[in-house]
Amino acid sequence: MTLVTVKELTDKAYQNGYAIGAFSVASTEMINGAIQAAERTNAPIILQIAEVRLKQTPLHIIGPAMVQAAKEAAVPVAVHLDHGLSEPVIKQALDLGFTSVMFDGSMFPIEENIAKSQKISRMARQYSASFEAEIGKVGGSEDGTEDIEAQLTALHEAKLFLNQVDVDVLAVAIGNSHGFYKSTTQIRFDHLEVLQQALQYPFVLHGGSGLTEQDFHVAITQGVAKVNVATSTFHAALQKVKELEPMQDYYELHNALIDGSAENVEKHIHMFRSAGRVQYV
């Protein structure tokens, strides 16, 4: 089909009552699995990788593979840098052909987040790329090393931010958390509803692993147009490998990683109601 931007996908999702799955990948096997699932379900998807994961999977290696896979896919695929933290890495992703970047300035005071986000947003526009930012703090951590204490998105800060920063999708904190939830989830859908009614903006839900289909459906009705999934795909791929033990051949491992990734991506595509939506893009 073609390589597209996140904005192209999320605008249609926001208007038509579904969400785009943004699936983190760490290898060519995971890329293949995600694309296979998207093609089987006729669904647009986002391939993404977070900056903290680049120490294991260098961007100059996996980035070109993600971009080329998107270009060759039979469905629309966007390629996104998730949780970008540094300007040089964000620029590297854009130079490699990523069609979307996120700058995560949620650890800074709102004024500093705004200033830094303005700069990255201008850079993204020079590449005709989409831009994502985060207000509030999503709990947990992207790589499982240091838990961040969640902090709900403050409505007044979100209004201030959107008035000053050119952003396509906004990641909000509503009790969601990266990684698997350590206890019963306490997603504040009431707070999400307040944010959506006031802002009327497409939102991103980080920390999609472990939420229920009903959770996703409620979130979508309240403006979530992009859902990030990482941990559950890594886990599904690992479980598929464990089923093979003892392995006799490397390509058993290779195929298990593809199949495990594809199964989890396909499951979430159906939960996000994005299966069969290619005609909307």
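The shortest heavy-atom contact between Phe161 and Ile135 is CD1-CD1, 3.3 Å. Minimum interatomic distance between Leu199 and Ala158 (heavy atoms only, all atoms of both residues): CD1-CB, 3.7 Å. In this structure, Gln222 and Phe189 approach most closely via the heavy-atom pair OE1-O, 3.0 Å. Residue Ile31 comes nearest to Ile62 through the heavy atom pair CD1-CG1, 4.0 Å, listed as atom of the first residue, atom of the second, then distance. Residues Ala133 and Ser117 approach most closely at CB-OG, 4.4 Å, considering heavy atoms. Pairing each heavy atom of Ala43 with each of Ser274, the nearest pair is CB-O, 3.3 Å.
Note: Arg125 CZ to Asp166 CG = 4.0 Å, rounded to the nearest 0.5 Å. With rounding to the nearest 0.5 angstrom, the CD1 atom of Ile120 is 8.5 Å from the CG atom of Leu94. Ile46 contributes atom CD1, which lies 8.0 Å from atom CD of Glu132 (distance to the nearest 0.5 angstrom). Here the CG atom belonging to Leu170 is positioned 9.0 Å from the CE atom belonging to Met102, to the nearest 0.5 angstrom. The OG1 atom of Thr231 sits 10.0 Å away from atom CG of Asn264, with the distance rounded to the nearest 0.5 Å. For the atom pair Leu155 CG and Leu195 CG, the distance stands at 6.0 Å (nearest 0.5 Å).
Contact check for Lys7 versus Asp11: side-chain heavy atoms found under the 4.5 Å cut-off. Side chains of Val101 and Tyr127 form no contact here, defined as non-hydrogen atoms less than 4.5 Å apart. Put simply, the side chain of Thr99 does not reach to within 4.5 Å of the side chain of Val4, judged on heavy atoms. Between Val227 and His268 there is no side-chain heavy-atom pair separated by less than 4.5 Å. Within the 4.5 Å cutoff, side-chain heavy atoms of Leu205 are placed close to those of Leu211. Counting only heavy atoms from C-beta outward, the side chains of Val6 and Ile20 never approach each other to under 4.5 Å. Contact annotation: the side chain of Pro246 approaches that of Gln248 to within less than 4.5 Å [non-hydrogen atoms, C-beta and beyond]. In this structure, Glu263 and Lys240 have side chains that are in contact, with non-hydrogen atoms separated by less than 4.5 Å.
The hydrophobic cluster containing Val25 does not contain Ile61, counting ILVMFWY residues as joined when their side-chain heavy atoms lie under 4.5 angstrom apart, directly or transitively. No continuous path of ILVMFWY side-chain contacts below 4.5 Å connects Val265 to Ile258, so the two sit in separate hydrophobic clusters. Linking Ile, Leu, Val, Met, Phe, Trp and Tyr residues whenever their side-chain heavy atoms come within less than 4.5 Å places Val67 and Ile90 in a single cluster. Side-chain heavy atoms closer than 4.5 Å link hydrophobic residues (I, L, V, M, F, W, Y) into clusters, and following such links, possibly through other members, connects Leu244 to Leu253. Residues Val278 and Ile220 fall into different hydrophobic clusters, defined by Ile, Leu, Val, Met, Phe, Trp and Tyr side chains chained together at heavy-atom separations under 4.5 Å.
At least one donor-acceptor pair under 3.5 Å links the side chain of Asp215 to the backbone N or O of Thr212. Between the Asp104 side chain and the Leu85 main chain, no donor and acceptor come within less than 3.5 Å of each other. With hydrogens and angles ignored, the 3.5 Å screen pairs no side-chain donor or acceptor of Arg188 with any backbone N or O of Leu152. Judged by distance alone, the side chain of Thr41 and the main-chain N or O of Ala37 form a donor-acceptor pair under 3.5 Å. For the pair Ser121 (side chain) and Val167 (backbone), a donor-acceptor distance under 3.5 Å is absent. Looking only at distances, a side-chain donor or acceptor of Thr153 sits under 3.5 Å from a matching main-chain atom of Ala173. Panel note: side chain Tyr14, backbone Tyr201; a donor-acceptor pair is recorded below 3.5 Å. Between the Thr2 side chain and the Pro76 main chain, no donor and acceptor come within less than 3.5 Å of each other. Within the 3.5 Å criterion, the main-chain N or O of Thr233 finds no donor-acceptor partner in the side chain of Ser261. A donor-acceptor pair under 3.5 Å is absent between the side-chain atoms of Gln239 and the main chain of Gly260, judged by distance alone.
A side-chain donor from one of Glu51 and Ser86 sits under 3.5 Å from a side-chain acceptor of the other. Side-chain N/O atoms of Ser27 and Glu29 include a donor and acceptor closer than 3.5 Å. Between the side chains of His206 and Glu134, not a single donor N or O lies within less than 3.5 Å of an accepting N or O.
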Stepwise side chain to side chain contact (heavy atoms under 4.5 Å, CB included) test for Lys119 and Met123: CA-CA 6 Å; Lys119 185 175 183 181; Met123 181 195 300; 5.8 Å; no

Chi angles and distances behind the side chain to side chain contact (heavy atoms under 4.5 Å, CB included) call for Asp168, Thr10: CA-CA 9 Å; Asp168 297 303; Thr10 54; 5.7 Å; no

Side chain to side chain contact (heavy atoms under 4.5 Å, CB included) between Tyr18 and Lys12, worked out: CA-CA 9 Å; Tyr18 62 98; Lys12 294 293 174 60; 3.8 Å; yes

Side chain to side chain contact (heavy atoms under 4.5 Å, CB included) assessment of Gln48 paired with Phe98: CA-CA 9 Å; Gln48 66 180 26; Phe98 279 47; over 6 Å; no

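Relative ring orientation between Phe23 and Phe272 is described as parallel, the plane-to-plane angle staying below 30° on a 0-90° scale split at 30° and 60°. Note: Tyr250 and His254 have tilted aromatic rings, judged against thresholds of 30 and 60 degrees for the angle between ring planes. Classified by interplanar angle (parallel below 30°, tilted 30° to 60°, perpendicular above 60°), the ring pair Phe108/Phe103 is parallel.
Using a 4.0 Å cut-off between charged nitrogen and carboxylate oxygen, Lys116 and Glu112 count as a salt-bridge pair.
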